[in-house]
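Scope of the values below: all heavy atoms of this structure, side chains included, with no hydrogens, waters or symmetry mates. A note on names: the letters A, B, ... follow the listed sequences, proteins ahead of strands, and every chain is numbered from 1.
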Number of protein chains: 2
Amino acid sequence: MEYQEAKDKFISTWGSLGTLWGINKAMAQIQALLFISTKPLTMEEIMEDLKISRGNTSMNLRQLMDWGIVTKTLVPGERKEFFTTEKDVQELSRIIAKERSRREIKPVIKVLEEVSSIKNDNSEKTKELIKQTKALHELTETMDVMINKLVDQKRNWITKSVLKLFK
Amino acid sequence: MEYQEAKDKFISTWGSLGTLWGINKAMAQIQALLFISTKPLTMEEIMEDLKISRGNTSMNLRQLMDWGIVTKTLVPGERKEFFTTEKDVQELSRIIAKERSRREIKPVIKVLEEVSSIKNDNSEKTKELIKQTKALHELTETMDVMINKLVDQKRNWITKSVLKLFK
DNA sequence: ATAAACTTTCAATAATTACTGAAAGTTCGA
DNA sequence: TCGAACTTTCAGTAATTATTGAAAGTTTAT
């Protein structure tokens with residue numbers, strides 16, 4: 001496999017994975033492109049490489065910056081803006097985990113909390129609703145805490161965690 | 001909040017969460033409905049409660065069965081098929097984690113492996129591609145192993161894991 | 001203050017994905 | 001073996017989501 005083929009394969013796989021994870025294709029592809037680039041890229045270069053429009057590139061770069069995954073870099077003597085992504089995979093996964101916790105898990109926990117604390121009228125169905133949503137609430141909260149603790153360990157958190165779990 | 005309101009809220013939240021996790025709304029809603037139901041439900045009851053068509057119900061029930069989350073139950077003396085979902089949240093999360101590993105993570109690992117083992121021609125960009133996809137490959141594999149090990153611990157795996165991590 | 005160089009916004013449109021409903025298929029009891 | 005009761009399939013359609021591209025906005029150098 002040659003460079004170009006490998007690059008395309010990586011970018012498109014990452015792109016379709018993105019869809020599956022709640023971020024759109026273009027966004028994931030831009031991140032992938034920056035991730036394997038040897039230097040900061042301009043919007044022009046990105047749209048050309050991925051064959052996507054200016055508007056699309058602009059919007060998705062913004063989203064990536066909102067996530068904290070991509071940053072603007074100023075290159076001395078250059079008028080245009082350059083973009084880079086976090087290159088360290090562990091740091092990258094920490095940022096993603098944190099964001100997903102904040103954006104997706106936390107709101108669900110809130111709803112589960114509300115639903116599981118409705119007035120118990122002692123009917124079968126109310127009891128079941130309370131019981132099941134309570135269980136889900138506890139589980140979700142535990143997992144969220146776990147993720148956040150793990151992720152706060154910074155350096156080598158994944159390796160460390162694995163060691164702890166299986167020694 | 002009354003029963004009906006709580007139920008609707010739970011089902012619709014679960015539904016939109018589903019979208020975010022790569023399963024569709026109807027599928028997630030059917031699972032949610034079964035999850036808080038006090039008894040097995042027929043297709044008829046499901047379509048009526050969620051206001052979705054017969055075809056949609058049928059297809060999504062099938063998918064849920066493929067995931068191993070929902071099972072057909074035969075109720076003695078009844079011609080129709082009844083459906084139930086796994087009611088234990090820990091077991092449910094184990095099934096989901098396993099399936100996601102198999103369906104999503106494993107294929108990505110494979111691609112990363114391929115891409116990261118292209119011939120190194122010693123150009124900057126090839127070196128960068130190899131380096132970055134290798135890092136991603138290692139990370140993904142470690143996480144996948146971690147998830148699978150965790151999940152194989154069966155009983156109370158989540159609580160146990162948390163204890164191990166923070167003692 | 002102006003204009004060139006660049007970025008953002010957003011209405012229109014395209015692409016994707018989900019849903020319907022009726023026809024075809026299956027199962028079961030008599 | 002037949003037909004009623006039920007389930008599945010799938011072409012057509014609806015709903016949702018992503019993308020384009022051109023106009024409006026911004027920044028910077030002179």
Handout entry: Heavy atoms of other groups near B:E78 CD, more than 12 under 6.0 Å
Key =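 Yes, enclosed.
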
Completion exercise
Per nearest nucleotide of DNA chain C, the residue lying toward the 5' end, A:T19 or A:F82, is A:F82

Completion exercise
Nearest-nucleotide check on DNA chain C, B:T57 vs A:M43; residue mapping nearer the 5' end is A:M43

Length of the [atom1]-[atom2] vector between [X] and [N], whole Å:
| X | N | atom1 | atom2 | result |
| --- | --- | --- | --- | --- |
| B:N56 | D:dG12 | CG | P | 19 Å |
| B:L20 | D:dT16 | CG | P | 16 Å |
| B:K25 | D:dT17 | NZ | C1' | 14 Å |
| A:L64 | D:dA18 | CG | P | 14 Å |
| B:R54 | D:dC10 | CZ | P | 18 Å |
| A:M59 | D:dA22 | CE | C1' | 14 Å |
| B:I52 | D:dA15 | CD1 | C1' | 15 Å |

Exercise for the section: For B:W14 and B:Q29, test the side chains for any donor-to-acceptor distance below 3.5 angstrom and give the result as yes or no. Expected result: no

Practice task
Go through the structure and list residues passing ring pair (Phe, Tyr, Trp, His ring centres under 6.0 Å) with B:F83, not counting sequence neighbours.
Solution key: none

Pick base, sugar-phosphate or nothing for [X], based on heavy-atom distances below 4.0 Å to the nucleic acid.
| X | answer |
| --- | --- |
| A:R62 | sugar-phosphate |
| B:E44 | nothing |
| A:N24 | sugar-phosphate |

Practice task
Evaluate the side-chain proximity of B:L34 to B:T84: yes if any heavy-atom separation is below 4.5 Å, no if none is.
Solution key: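 The answer is no, as the side chains (C-beta and beyond) never meet within the 4.5 Å cut-off.
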
Handout entry: Pairing of A:K110 and A:E114 as salt bridge, 4.0 angstrom limit
Key = yes

Exercise for the section: Salt-bridge test for A:K125 and A:E128: reply yes if a basic N is under 4.0 Å from a carboxylate O, no otherwise. Expected result: no

Exercise for the section: Side chain of B:S58 only, please: which of D:dG21, D:dC6, D:dT9 is the nearest? Expected result: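 The answer is D:dT9, which lies nearest to the side chain.
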
Problem - Leading and trailing nucleotides of DNA chain C with any atom under 4.0 Å from heavy atoms of chain A - result: C:dA4 to C:dC10

Handout entry: Whichever hydrophobic residues join A:F82 through chains of side-chain contacts under 4.5 Å
Key = A:V75

